[in-house]
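As C-alpha cells, the structure follows; a few thoughts come after it.
One-based numbering along the sequence shown.
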Amino acid sequence: TSVMSSSNDTSLRDIELVGDLNDHNHQYAPADMKNAYESEVESLSGARVPLRRRIKYVDVTNTIVLIILCVGLAIIIAIVSATYNKVNTTQSVQCSYPTSVSTVYTALGFPGYESYSWEDVLTRSSGSTVNIWISNVNPSFNTWVDSWLSTQMSSLYDIKVVRVPMTNTGVAINQIKSEIKANNTASGSVDLVWINGENFNTARNLKLLYGPFATKLPSAANFDFESPPLKYDYGRATNSYEMPLNQAQFVFIYNMNHFPNGPPKTLPDFVAWVKENPGKFSYPNPTLDFTGAAFIRHFLYYYPLSDTNSYKDMLGDFNNANYLRHAPAAFNVLRDLTANLYMKNGKPYFPVSVTEADTMFGNGDLCVTLSYAPAHAGQMVASGQWKNSTMAYVLTTGTLANTNFMAIATNAKNKLAALVTANYMASAPAMFTRRQPERWGAIQAYNPSASFLSTGGWKAAFDYLKTYPQTPSAADLRASALTELVALYSTTFNNDWVHCVLNYNTSYFGSPCN
C-alpha cells in the first residue's frame, strides 16, 4: 500500500518504515518485494539508490531525532523538578510563618501581617467567620447585617457573618477587657464592634483595639480621613483605629397639627414653646439614654453666650475651667424647663429611653420627640407607627452631629476576616444600601469628591435615591451640624445634671449648678 501512495511525503515515510523492516528481514524478503521497493525509491528520488545504503541513512536520521527528543525531555523534567521544589519550599515557609507571604502585590502593612497584600488577606480569610458585636439601639442595623451583609460576605468572600447582639457597646468593651485580663490575647470572641464616642475613648485608653488599619484598606479611598468628622471621634483622634460607617445628626420631631405656624427654630424659641405648652414635652433621662444626654448637651453648647459658636472654647481635651464657664448657665435654663415637662404622679417625668419617648409621642402624650437619626421620623411613618403629619427638623442654632465607626478588637480571633468585612462595609455598594430609605436611610460618611462617585457611576445612583419627605434636607443638615466634644464633657455634664436638675435643692447654691 505504501508503494502505491500518491503523496511524496507520505510515500517517503511509508518507504522508510518498510525499508527499516526490510533491513532486518532483507535476506528473507521475496525477490519481487525487493525489486518493487528499489523501483519505487528510484522513481521518487530520481536516482538509483542501493537499498541497503538507503536503509542505513534512514537509521542514522532516526537515531539523531531520538537523541534530540531524549535531551529535550531531560531538560523539561529538570525544569519541572526545580519548580516543584521551589513551590514546595514556599508552601513550607508559609506554614511555618503565617504572617510572611511571598507575593508580587503591594504589602499594606497591617499590624501583625506587614507583608500581606490585599490579595493575601482575601485568600487567608476565605472560609472563616467574623463576629460582629452590635448594640440593639437601631433595629435597621440588625436587619441590614442579617439580610444583606451576611449574604454578600458569604457569596463574595466565603466569610460567615455572625451578629452578636448587646444592650450597649460597653458590653463588648468589657468582654475584650476581661478576655485580655485572662491572657486571651489572640482568640477573643469580639472581632468587629460598632463603636464611637466615650466607648472608643475608653477602648483606646485601655489599648483594647487593633490598629492602625483603616487607612490601609482599599475602601479608604472613599473617605477624607483628614475631615473633622472622621479625624476625631468625640474629640479623640481616630488615628486609623476606626473605619467609618454612617454619620448621624440630632433632629427634633414634631406633629405638624400642633404647630400650624411651624416649630420653634432656635434653642431659645424651643425653650419658650415648652414653657407656653406645659406637659407636652419631656426628654429621656440623660444618665440612662444616649439621646437624652445629647439633648441636654445643646444647652451646654449654646449658653452662656447664646451663640452657635459659644461651644468652641471646649474643643480639644477636657478643660474644667471652660466647662464651668458653660455649665451653670445651661443648668439654669434646664431647671426652668423642669416644671413645664410632662408630669407623672405630680412630678416631672423623664422617660427611661428614647423608645419610651417615641411611644408617648405616637400616643399623643408628647408633641415633640427627639432622635439622633435624621431618617427616624420617616421610618416610623412608613411603618405605620406615627401619623403622616410627623416631620423632623434641625435648629438653626445647630444640632449635634457625629460619625459612628467599626473597630477591631486587639485580641480578635478572626482579624483578617474582620479587615475584609470592615472594608466591604465601607464599599460603594454597602453604603448605597444603607442609604436606601427602605433599608436604613442612614447618612453616609463618604467624601463627596471620592473617585468612586465620578468614575464608578455611583453619583447618579446616590442622587437617584429618594429620602423620606419627613427627613431634613442634606443642605439643612450640613448647615446646622455641630461637632461633638470629647466624651468627658458629656460624662461630667450628665453626672452633674442629677444634682443640678433632677435632684436640685434650692438651698444648694454653688458650682457647677449656679
For V145, check side chain to side chain contact (heavy atoms under 4.5 Å, CB included) against everything at least two apart and list the hits. I134, F141, L149, S150, V161, R163
Residue set satisfying side chain to side chain contact (heavy atoms under 4.5 Å, CB included) with Y210, at least two apart, ordered chain then number -> F110, P111, Y113, F213, I408, K415, L419
Option passing side chain to side chain donor-acceptor pair (under 3.5 Å) with R236 (candidates T202, N201, D317): N201
Scan N138, N402, N404, T291 and name whichever one has a side chain to side chain donor-acceptor pair (under 3.5 Å) with Y372. N402
Measuring only between side-chain heavy atoms, which start at C-beta, is [X] closer than 4.5 Å to [Y]?
X: F295; Y: P286; value: no
X: N168; Y: F290; value: no
X: I253; Y: S371; value: yes
X: W386; Y: D358; value: yes
X: L477; Y: Q247; value: no
X: S117; Y: T106; value: no
X: S310; Y: Y301; value: no
X: M380; Y: T390; value: no

Note: R124-D120 ion pair, threshold 4.0 Å (strictly below): no
Could you tell me which non-hydrogen atom of [X] sits nearest to which non-hydrogen atom of [Y], and how far apart they are?
X: T215; Y: S240; result: N-OG, 2.9 Å
X: M243; Y: A422; result: CG-O, 4.0 Å
X: D191; Y: A412; result: OD1-CB, 3.5 Å
X: A392; Y: P374; result: CB-O, 4.3 Å
X: V420; Y: S125; result: CG2-OG, 3.4 Å
X: Y468; Y: A382; result: CE2-CB, 3.9 Å

Criterion side chain to side chain contact (heavy atoms under 4.5 Å, CB included) on T169 and F200, from CA distance to verdict: CA-CA 9 Å; T169 307; F200 174 69; over 6 Å; no
Taking E242 for its side chain and T238 for its backbone only, find out whether a donor-acceptor pair lies under 3.5 Å. no
Kindly say whether T123 contributes a backbone atom to a donor-acceptor pair with the side chain of S126 at under 3.5 angstrom? no
Please step through side chain to side chain contact (heavy atoms under 4.5 Å, CB included) for the pair S282 and F350, ending with a clear verdict. CA-CA 6 Å; S282 190; F350 300 95; 4.2 Å; yes
Taking atom types as modelled, find out whether [X] and [Y] have a side-chain donor-acceptor pair closer than 3.5 angstrom.
X: S490; Y: E484; value: no
X: W497; Y: T287; value: no
X: N423; Y: S219; value: yes
X: D233; Y: N196; value: no
X: N246; Y: Q444; value: yes

Among F223, F432, F462, find the residue that satisfies the ring-ring contact (aromatic ring centres under 6.0 Å, His included) test when tested with Y446. F462
One pair to check against side chain to side chain contact (heavy atoms under 4.5 Å, CB included): S227 and N447. What are the steps and the verdict? CA-CA 9 Å; S227 63; N447 181 1; over 6 Å; no
Do [X] and [Y] have ring centres separated by under 6.0 Å?
X: F270; Y: F281; answer: yes
X: F252; Y: F250; answer: yes
X: Y489; Y: H326; answer: no

Taking atom OH of Y393 as the centre, report whether more than 12 heavy atoms of other residues, nucleotides or ligands fall under 6.0 Å from it. yes
Take M406 and W194 through the side chain to side chain contact (heavy atoms under 4.5 Å, CB included) test and state the conclusion after the steps. CA-CA 5 Å; M406 300 304 299; W194 187 28; 4.0 Å; yes
